[in-house]
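Quick notes on the structure that follows.
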Number of protein chains: 2
Amino acid sequence: MRITSLVECSTRIMVRLASLQPGATLSAEKLSDLENVSRDYVDQILQRLRKGGLVASTRGAQGGYSLAKASSAISIGELVRAVEGQVFEEVCERYSSGEHECRHMSNCGIRPVWLRLGEMIEGFLDKVTLDQLTVPEPRAFAATMAFIKDFEKEGRIQHDKRR
Amino acid sequence: MRITSLVECSTRIMVRLASLQPGATLSAEKLSDLENVSRDYVDQILQRLRKGGLVASTRGAQGGYSLAKASSAISIGELVRAVEGQVFEEVCERYSSGEHECRHMSNCGIRPVWLRLGEMIEGFLDKVTLDQLTVPEPRAFAATMAFIKDFEKEGRIQHDKRR
DNA sequence: TCATACTTGATCGAATTAGTCAGGTATGCT
DNA sequence: AGCATACCTGACTAATTCGATCAAGTATGA
Ligand code: FES
Ligand code: FES
């Protein structure tokens, strides 16, 4: 299990944009230079981010990109969904057809673990916002605390009956 | 991010073995039939599990496999490490060389997020044990609670100075 | 009207994953 | 002993996904 290069590059780009003065923009070309990612790849990433509503673009000469909303309102989870479509693919969905299908489905003891893991990962990334990644003076991850509190409240993994 | 087919199949096999009576064994052939996974693939998986010290094998006619220790002493994290080598690959290690390297490394605001995510995933899977996956009468995931408690105690993501 | 820069979608090689295959070795049973 | 059963090993290959490139635009500011 890992973070893909796509997410890694996208995050670096978003952090660059987050460190911009209000009103300022950064061109795809500049971003490419700054992060040492090919221009074409940067273009592709920015396009996905734009479609996801995370960045805004200004066309024409002296154009460029900026965040579409406050960096405190953009989570890494959103970012991942924007560039990859989803944060965590559920295994029993993926293998639910064909020869080697996930066999239990109903009243299965395994499924809840993957479900819970997915919720956990997604919950975490949804709580971490862009402004928390800016350096210098990184802020403590207060939001993470809230997430963990919620997690604790629910308390246990429920075994599902084929939901 | 997802659970691979390898982990999925391995887990199903381990749950089968966990549901065995003490002293009983299950042949690779039977496991293959039960879980609808090719015999060759089952062999490969069992071999990795054996090398990881999770299952024991008896050779010869009427031979077979069984768990090497109590199902309550085997975590899903261990299982994943046995069959895939690791649970979560750290991104800033993976891309740390070559053209498109992870650029910040020292006093980076992004890195701690991936580190923390990895700790969280691994921590979770290390707390979930095989016996918790047996059906019928699945137990509540009490261990998960302990994990979350610990997580809360530490409390926040630390920004590292190039550790 | 030109240069700059965004926009779209296809394509393609590299890497990883998923699964197969061939050829063993060890053990129990008759 | 001889044979059947079943474990064991590692190489190999097909399928899929990832990472990145490429070609061919459109829109805008100077
Ligand atoms: S392992 Fe997927 S439903 Fe049980
Ligand atoms: S993004 Fe990897 S070290 Fe900063």
So the salt bridge (Lys or Arg N to Asp or Glu O under 4.0 Å) pairs with at least one residue in residues 54-70 of chain A (sequence neighbours excluded) are K69(A)-E78(A)
Query raised in the report: Residues in side chain to side chain donor-acceptor pair (under 3.5 Å) with Q62(B), at least two apart?
Result: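 Q62(B) satisfies side chain to side chain donor-acceptor pair (under 3.5 Å) with no residue once adjacent residues are dropped.
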Contacts of T11(B) meeting side chain to side chain donor-acceptor pair (under 3.5 Å) (sequence neighbours excluded), chain-then-number -> none
- Of the candidate nucleotides dT20(C), dG19(D), dC6(C), which contains the atom at the shortest distance from the side chain of S38(B)?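 Closest nucleotide to the S38(B) side chain: dT20(C).
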Which distance, rounded to the nearest 0.5 Å, do you find between the [atom1] of [X] and the [atom2] of [Y]?
X: L54(A); Y: I13(A); atom1: CG; atom2: CD1; answer: 12.5 Å
X: E90(A); Y: E119(A); atom1: CD; atom2: CD; answer: 9.5 Å
X: R111(B); Y: L133(A); atom1: CZ; atom2: CG; answer: 14.0 Å

Round to the nearest Å and state the distance from [X] atom [atom1] to [N] atom [atom2].
X: I13(B); N: dA18(C); atom1: CD1; atom2: P; result: 14 Å
X: L46(B); N: dT25(C); atom1: CG; atom2: P; result: 21 Å
X: I45(B); N: dT17(C); atom1: CD1; atom2: P; result: 14 Å
X: Q86(B); N: dT16(C); atom1: CD; atom2: P; result: 11 Å
X: D33(B); N: dA6(D); atom1: CG; atom2: P; result: 11 Å
X: L6(A); N: dA15(C); atom1: CG; atom2: C1'; result: 15 Å
X: R48(B); N: dC7(D); atom1: CZ; atom2: P; result: 17 Å
X: L49(A); N: dC6(C); atom1: CG; atom2: C1'; result: 14 Å

Taken in chain and number order and not counting sequence neighbours, the residues that satisfy side-chain contact (heavy atoms from CB on, under 4.5 Å) with E89(A) are Q86(A), R94(A), R2(B)
Is there a side-chain contact between [X] and the phosphate of [N], meaning an N or O under 4.0 Å from OP1 or OP2?
X: S57(A); N: dC6(C); answer: no
X: S5(B); N: dG19(C); answer: yes
X: Y41(A); N: dC18(D); answer: no
X: S27(B); N: dA6(D); answer: no
X: R39(A); N: dA20(D); answer: no

Evaluation steps, side-chain hydrogen bond (donor to acceptor under 3.5 Å, both in side chains), between T129(B) and D131(B): CA-CA 6 Å; T129(B) 54; D131(B) 64 319; 2.5 Å; yes
Quick one: which protein N/O atoms are closer than 3.5 Å to N/O atoms of nucleotides 15-17 of chain D? Pair and distance per line, please.
{"unit_1": "dT17(D)", "atom_1": "OP1", "unit_2": "R94(A)", "atom_2": "NH2", "d": "3.2"}

N/O to N/O distances under 3.5 Å, protein versus nucleotides 9-13 of chain D:
{"unit_1": "dT9(D)", "atom_1": "OP2", "unit_2": "Q47(B)", "atom_2": "NE2", "d": "2.3"}
{"unit_1": "dT9(D)", "atom_1": "OP2", "unit_2": "R50(B)", "atom_2": "NH2", "d": "2.5"}

Answer whether the closest heavy-atom distance between the side chains of I121(B) and F124(A) falls below 4.5 Å.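 No, side chains not in contact.
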Any donor-acceptor N/O pair, S32(B) side chain to V37(B) backbone, under 3.5 Å
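Here the side-chain-to-backbone pair exists.
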Could you pull out every donor-acceptor pair under 3.5 Å between side chains of residues 44-51 of chain A and any protein atom, sequence neighbours left out?
{"unit_1": "Q44(A)", "atom_1": "OE1", "unit_2": "R48(A)", "atom_2": "NH2", "d": "2.8"}
{"unit_1": "R48(A)", "atom_1": "NH1", "unit_2": "V83(A)", "atom_2": "O", "d": "2.8"}

Tabulate protein N/O versus nucleotide N/O from nucleotides 26-30 of chain C, keeping only pairs under 3.5 Å, one per line.
{"unit_1": "dA26(C)", "atom_1": "O4'", "unit_2": "R59(B)", "atom_2": "NE", "d": "3.2"}
{"unit_1": "dA26(C)", "atom_1": "O4'", "unit_2": "R59(B)", "atom_2": "NH2", "d": "3.1"}

May I have the list of side-chain donor-acceptor pairs in residues 17-30 of chain A shorter than 3.5 Å, sequence neighbours left out?
{"unit_1": "S19(A)", "atom_1": "OG", "unit_2": "R16(A)", "atom_2": "O", "d": "2.7"}
{"unit_1": "S27(A)", "atom_1": "OG", "unit_2": "K30(A)", "atom_2": "N", "d": "3.1"}
{"unit_1": "E29(A)", "atom_1": "OE1", "unit_2": "R39(A)", "atom_2": "NH1", "d": "3.0"}

